[in-house]
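These notes concern the structure reproduced below.
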2 protein chains.
Amino acid sequence: MTQQTQTTEAEIKVFKALADPIRLEIIRYLNQLDHEVSCGEIGQVMHISKTSGSYHFKILQEAGLITTHKVAREKYVSLDRSTVDQYLTHFWQNL
Amino acid sequence: MTQQTQTTEAEIKVFKALADPIRLEIIRYLNQLDHEVSCGEIGQVMHISKTSGSYHFKILQEAGLITTHKVAREKYVSLDRSTVDQYLTHFWQNL
DNA sequence: AATATAGTTCAAATGTTTTTGAACTATGTA
DNA sequence: TACATAGTTCAAAAACATTTGAACTATATT
């Protein structure tokens, strides 16, 4: 922490997470679907390797933009709209 | 253009621009001030070199988050709230 | 004219993010 | 048991972003 608040760090994580075309596509995809999907299915749709997928899902999760839960071998992902709402939709209130 | 739309490219520029603590501070600063300020003044407040300032202002401008105009030697900067509104406040409509 | 101030540009150095493949864990299926 | 499938982790490579100082342009002040 150099001089930023906790709030800014979470905020930066959200913006970094959204500042990538693959991750923005994932968010788009989850938004239009509106039900849970596995990492593998998303990876196929995005045409990315499973390693790369794993990396991007981690970033999205650490930003709080998705939530996940494991069912047997598979990891299911869903959009957490409240984070988008907090940092984007209510950006001015947050500043 | 690999598979993204023009809209996505502009959107990515906005998120990249906001995904940096210095630039987010600049936006914050401009927002609370609500009048034009010179690059130099902002640079002093942020404790950054003029070269670094020049770099960050370029990124913010290319994202459409600030507008600038030169008066003699000085470059004045002001916040373009409509870009924030388009990409953040109305994020869901934009997707 | 000489000097100072505001900002830009450039290339090099440094730092951070993303991709890759190989090796791994855990679960499912024959 | 053997093999397949879903996902993770690791370290190296590649790509990209940021900072730095020096040299520059343009305007202002003495």
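First the proteins, then the strands, lettered A, B, ... as listed; each starts at 1.
Residues Trp92(A) and Asn31(B) meet the side-chain proximity criterion, which asks for heavy atoms closer than 4.5 Å. Between Val77(B) and Thr67(B) there is no side-chain heavy-atom pair separated by less than 4.5 Å. Proximity of Glu41(B) to Tyr29(B): side-chain heavy atoms (C-beta onward) are separated by under 4.5 Å at one or more points. A 4.5 Å side-chain heavy-atom check between Ile42(B) and Ile26(B) finds at least one atom pair inside the cut-off.
In this structure, Lys50(B) atom NZ and dT5(C) atom P are separated by 10 Å, rounded to whole Å. Atom pair Glu41(B):CD and dG7(C):C1' shows a separation of 15 Å (rounding to whole Å applied). One can place NZ of Lys58(B) at 14 Å from C1' of dT19(D), the figure rounded to the nearest angstrom. His47(A) has its NE2 atom 21 Å from the P atom of dT18(C), to the nearest Å. Here dT18(C) presents its P atom at 12 Å from CD1 of Ile26(A), a figure rounded to the nearest Å. Nucleotide dG7(C) holds its P atom 13 Å from the CD atom of Gln61(B), rounded to whole Å. Atom P of nucleotide dA6(C) and atom CD of Glu36(B) are separated by 17 Å, given to the nearest angstrom. Distance CG (Leu18(A)) to C1' (dT17(C)): 16 Å, rounded to an integer number of Å.
Residues passing the salt bridge (charged side-chain N to carboxylate O under 4.0 Å, His left out) test with Arg73(A), sequence neighbours excluded: none. For His69(B), the side chain to side chain contact (heavy atoms under 4.5 Å, CB included) partners are Glu36(B), Val71(B), Tyr76(B), not counting sequence neighbours. When the side chain to side chain contact (heavy atoms under 4.5 Å, CB included) test is applied to Phe91(B), the partners found at least two apart in sequence or on another chain are Leu24(A), Ile27(A), Val84(A), Leu88(A), Glu11(B), Phe15(B), Leu95(B).
Contact between the side-chain N/O atoms of Ser54(B) and the OP1/OP2 oxygens of dT8(C) is found at a separation under 4.0 Å.
Using modelled atom types, one side-chain atom of Thr83(A) and one backbone atom of Gly64(A) make a donor-acceptor pair closer than 3.5 Å. The closest donor-acceptor contact from the side chain of Asp85(B) to the backbone of His90(B) lies at 3.5 Å or more, if one exists at all. Although no hydrogens or angles enter the test, the distance criterion places a donor-acceptor pair under 3.5 Å between the side chain of Arg23(B) and the main chain of Lys16(B).
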Base-contact (B) and sugar-phosphate-only (S) positions in nucleotides 13-18 of chain D, heavy-atom cut-off under 4.0 Å, - elsewhere | ----SB
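The stretch residues 67-80 of chain A touches DNA chain C through Ala72(A), Arg73(A), each having a heavy atom under 4.0 angstrom from the strand.
Comparing the axis of the opening five pairs of the helix from dA1(C)-dT30(D) to dA30(C)-dT1(D) with that of the closing five pairs yields an angle of 10°, rounded to 10°.
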Derivation and outcome, side chain to side chain contact (heavy atoms under 4.5 Å, CB included), residues Arg28(B) and Thr8(A) | CA-CA 11 Å; Arg28(B) 259 187 233 293; Thr8(A) 301; 2.7 Å; yes
